[in-house]
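As the structure lists them, so they are numbered: ligands from 1, and atoms in each ligand from 1. Quick note: numbers below take in every heavy atom, side chains included, and nothing from hydrogens, waters or symmetry partners. Treat the numbers as computed from the prediction; the structure is a model and nothing was measured.
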Amino acid sequence: MVSSPSCTTLLTPAQMQAADRAAINAGVSGLALMEAAGAAVANAVAAHYRRCPIVVLCGPGNNGGDGFVAARHLRDAGWPLRLAYWGDPTTITGDAAYFAERWTGQIEAATPATLAGAELVIDALLGAGLSRGLEGSLAALVQALADSKLPICAVDVPTGLDGASGQPMGVVAPAELTVTFFRKKPGHLLMPGRQLCGKVVLADIGIPATVLDTMDAQVSENHPALWLDRYPWPTLDAHKYQRGHAVVVGGSIMAGASRLAAMACARIGAGLVTLAAPQDVWPIYAGALTSIMVQPMADPDGLADILSDARKNAIVVGPGAGLGQTTRRHVEQALATQRAVVLDADAISVFAAEPQALFRLIDGPCVLTPHDGEFGRLFSVQGSKLQRASQAARLSGAVIVLKGADTVVAAPDGRCVINTNAPPDLATGGTGDVLAGLIAGLMAQGLSPYDAGCTAVWIHGEAARLFGPGLVSEDLPPAIPRVLRRLRRRAEARSA
Ligand SMILES: NC(=O)C1=CN([C@@H]2O[C@H](COP(=O)(O)OP(=O)(O)OC[C@H]3O[C@@H](n4cnc5c(N)ncnc54)[C@H](O)[C@@H]3O)[C@@H](O)[C@H]2O)[C@@H](O)CC1
Ligand SMILES: [K+]
């Protein structure tokens, strides 16, 4: 239950360790944290599995310590359980040693043979302390665990998964269930980490939320709690000019793309929507649209003419645009207005040869919506998806919506969200055009680029999730109202 924005905060393993230390400085003992963590693992296992023979694999650090605690709880509850340790049990230190010394059962050596007879495995080998790829006997053990296809409950993260990036560092045995503590990590949400973790159970282990006040935790899981109180619901005295005027620049090749973007602008609530159509294909657009105005654009400054009306306060360039000089000119004319601009697809790729030329033009509210391929053409940055999107936002001065099953929305000031509600059904042509339109439609109504990005990405995923399989892009704009009705009810409940 997300009761406040801070519940959606994500912490990297390093930040988690700082939270751990802050809690201990605030008087919570490390032993109490480990006892609570292990108990949470035992509770999650009891809630998700029927009693069966378990093997608990414990590693050399506190992740292993959690495993000793969980093993004690489950064995006391009558589960047939064996505990196996990877490494030399006499070298256990810190909080883990306290619980290892009090373990009254056998401590076997963890080898692939240990798995024989198990029907469920608790992976307490490595957690947030993973600092390098798995090697030697540990890699062999994890490989055997992966090959065994046994159901696994991972403690904190599956062994070998980098909690900061969601990237495996060597072999990872995919878990059915992952129990983590206090706050999720980016690696629980970023691909392939989200798949490798299975169902993530977040346990409160007694770390006070106030520890977040002392941290600059700027990454969150996308959720309405972050932006719903700023959603631009129409007020009773609303009139169409108050709700902004979005302009979608039509392409002369794929006419459908800009129509999808225009419909999305309208459905998300922009007061007016104009589709600026190239002169030669204007009749095609005009014939296909009703409430959306279609204005012919005479090259080369047709768009500048259309934008001379200052009430046109949000512009989308990219859907169906093509990679020619016309598209580049349209981007320049749109950005020159310093009004809200969304650049998608070819409007991004057309600057692949000289990204700086684009970045120099970005001076107003701007959102770029690349997928990985378009992103790679414009930015040569390294690191996790989070790090790459954040660096690109700082470099370009725009909000970056780096799309995928784990879309990241990053602002130049460092704020970031990872979106997790997008179903695989969205992997069909044209859904990016709809997203670009949703973002522009929200900025037309006054939302900031970052809020518009987070809100649009969530609504886009929710509309697809509610629609279900068989989705094609033209199903998305008509599916928006249902999502808005649910959001409005949630907003009214909060303000009641
Ligand atoms: N931070 C917190 O708030 C809490 C953390 N707890 C547990 O503590 C864990 C972190 O404990 P640690 O920091 O001791 O680290 P881990 O227990 O994750 O790792 C243990 C040690 O393994 C070694 N290691 C790292 N990479 C390795 C590799 N590739 N091959 C072999 N050995 C490797 C490192 O020396 C590391 O210290 C968390 O994952 C969580 O399970 C819990 O006890 C509850 C509280
Ligand atoms: K683990």
Side-chain angles (χ1 to χ4, degrees), residues 11-26 28-42 44-45 55-70 85-88 91-100 110 121-143 145-146 152-164 167-185 187-188 193 196-198 200-209 211-212 215:
L11 295 179
T12 62
Q15 287 176 316
M16 194 59 223
Q17 282 170 357
D20 187 16
R21 277 196 303 276
I24 290 170
N25 293 342
V28 182
S29 88
L31 290 178
L33 291 177
M34 188 168 283
E35 174 59 36
V41 171
V45 165
V55 163
V56 181
L57 300 175
C58 293
N62 289 341
N63 195 249
D66 297 350
F68 275 99
V69 175
Y85 184 83
W86 178 79
D88 171 1
T91 62
I92 301 182
T93 58
D95 294 343
Y98 177 87
F99 293 105
V121 177
I122 293 179
D123 165 6
L125 291 165
L126 295 185
L130 178 78
S131 57
R132 56 190 185 278
L134 304 186
E135 295 151 359
S137 63
L138 180 59
L141 174 61
V142 174
Q143 187 61 58
L145 180 57
I152 300 166
C153 171
V155 177
D156 200 16
V157 284
T159 295
L161 182 68
D162 176 355
Q167 294 300 318
M169 292 172 81
V171 62
V172 173
E176 272 185 3
L177 183 65
T178 293
V179 184
T180 192
F181 316 111
F182 181 55
R183 290 295 183 271
K184 288 180 188 176
K185 297 171 174 65
H188 289 124
L196 292 169
C197 289
V200 177
V201 171
L202 178 58
D204 173 0
I205 56 171
I207 296 179
V211 301
L212 291 173
M215 304 171 79

Carefully, step by step, assess L11 and F181 under the rule side chain to side chain contact (heavy atoms under 4.5 Å, CB included).
CA-CA 10 Å; L11 295 179; F181 316 111; over 6 Å; no
With a heavy-atom distance limit of 4.0 Å, tell me whether F181 approaches ligand 1 through its side chain, its backbone, both, or neither.
side chain
With a 4.5 Å cut-off on side-chain heavy atoms, are L145 and V171 touching?
no
So I207 and M16, side chain to side chain contact (heavy atoms under 4.5 Å, CB included) or not? Walk me through it.
CA-CA 10 Å; I207 296 179; M16 194 59 223; 3.8 Å; yes
How many angstroms lie between CE in M34 and CD1 in I205, if you round to the nearest 0.5 Å?
9.5 Å
Heavy-atom contacts with S131 under 4.0 Å: which atoms of ligand 1 show up? List them by number with element.
25 (C), 26 (N)
Nearest-0.5 Å distance, CG of residue D20 to CG of residue D95:
8.0 Å
Could you tell me, atom by atom, which parts of ligand 1 come under 4.0 Å of a heavy atom of Q17?
13 (O)
Stepwise, does the side chain to side chain contact (heavy atoms under 4.5 Å, CB included) test hold for F99 with L31?
CA-CA 9 Å; F99 293 105; L31 290 178; 3.7 Å; yes
Give the contacting part of D66 toward ligand 1: side chain, backbone, both or neither, where contact means a heavy-atom distance below 4.0 Å.
side chain
Say whether P60, considering both its backbone and side-chain N or O atoms, lies within less than 3.5 Å of an N or O atom on ligand 1.
no
I need the minimum non-hydrogen distance between C153 and V179, along with the two atoms involved.
SG-CG2, 4.0 Å
among protein heavy atoms, the one nearest atom 17 (O) of ligand 1 is N63 N, 2.9 Å
Minimum heavy-atom separation for G38 to V69, with atom names?
CA-CG1, 3.6 Å
At a 4.0 Å threshold, what atoms of ligand 1 neighbour a non-hydrogen atom of M34?
43 (O)
Using non-hydrogen atoms of the residue, decide whether L125 is closer than 4.0 angstrom to ligand 1.
no
Where ligand 1 meets L130 - atom numbers and elements under 4.0 angstrom, heavy-atom basis
25 (C), 26 (N), 29 (N)
Under 4.0 Å from a heavy atom of L138: which atoms of ligand 1 are those, numbered in the order shown and with their elements?
30 (N), 31 (C)
Top protein contact for atom 31 (C) of ligand 1, by heavy-atom distance:
R132 NH2, 3.5 Å
Could you check atom 25 (C) of ligand 1 against the protein and tell me its nearest heavy-atom contact, residue, atom and distance included?
G129 O, 3.1 Å
Which protein heavy atom lies closest to atom 12 (P) of ligand 1, and at what distance to 0.1 Å?
N62 N, 3.9 Å
Write down the atom of V28, the atom of P208, and the distance for their closest heavy-atom approach.
CG2-CD, 4.3 Å
On a heavy-atom basis, which atom in L130 and which in D162 lie closest, and how many Å separate them?
CD2-N, 4.0 Å
Pick one of side chain, backbone, both or neither for how I205 approaches ligand 1, counting any non-hydrogen atom pair under 4.0 Å.
side chain
Rounded to 10°, the O/L126 to the K ion (ligand 2) to O/V157 angle comes out at 90°
Closest heavy-atom approach to atom 28 (C) of ligand 1 among T93, D156, L126 is made by L126
If I take every N, O or S atom of V155, is at least one of them less than 3.4 Å from the K ion (ligand 2)?
yes
Would you say the side-chain atoms of T159 pair up with the backbone N or O of L126, donor to acceptor, closer than 3.5 Å?
yes
Can you confirm whether some protein heavy atom lies under 4.0 Å from atom 37 (O) of ligand 1, or whether none does?
no
Looking only at distance, does G133 have an N or O less than 3.5 Å from an N or O of ligand 1?
yes
Sidechain-backbone polar pair: D123 side chain, P158 backbone, donor-acceptor under 3.5 Å:
no
All heavy atoms of W86 vs all of S137, minimum pair found to be NE1-OG, 2.8 Å
Residue D123, metal the K ion (ligand 2), N/O/S under 3.4 Å
yes
For ligand 1, which atoms have a heavy atom of M16 less than 4.0 angstrom away?
1 (N), 3 (O)
For D95, which part has a heavy atom under 4.0 Å from ligand 1: side chain, backbone, both, or neither?
neither
Taking atom 4 (C) of ligand 1 as the reference point, the nearest protein heavy atom with its distance:
D20 OD2, 3.9 Å
Where ligand 1 meets G127 - atom numbers and elements under 4.0 angstrom, heavy-atom basis
16 (P), 18 (O), 39 (O)
Minimal heavy-atom distance between L161 and C197, with the atoms involved, is CD2-SG, 3.7 Å
Run the numbers for me: atoms of ligand 1, each under 4.0 Å from some heavy atom of G61, listed by number.
14 (O), 17 (O), 20 (C)
Is there a side chain to side chain contact (heavy atoms under 4.5 Å, CB included) between L134 and M169? Walk through the geometry before answering.
CA-CA 7 Å; L134 304 186; M169 292 172 81; over 6 Å; no
Distance (rounded to the nearest 0.5 Å) between K185 NZ and D156 CG
3.5 Å
Against ligand 1, does A19 come closer than 4.0 Å with any heavy atom?
no
Is it true that G65 lies under 4.0 Å from ligand 1, counting heavy atoms only?
no
Protein heavy atoms: any of them under 4.0 Å from atom 22 (O) of ligand 1?
yes
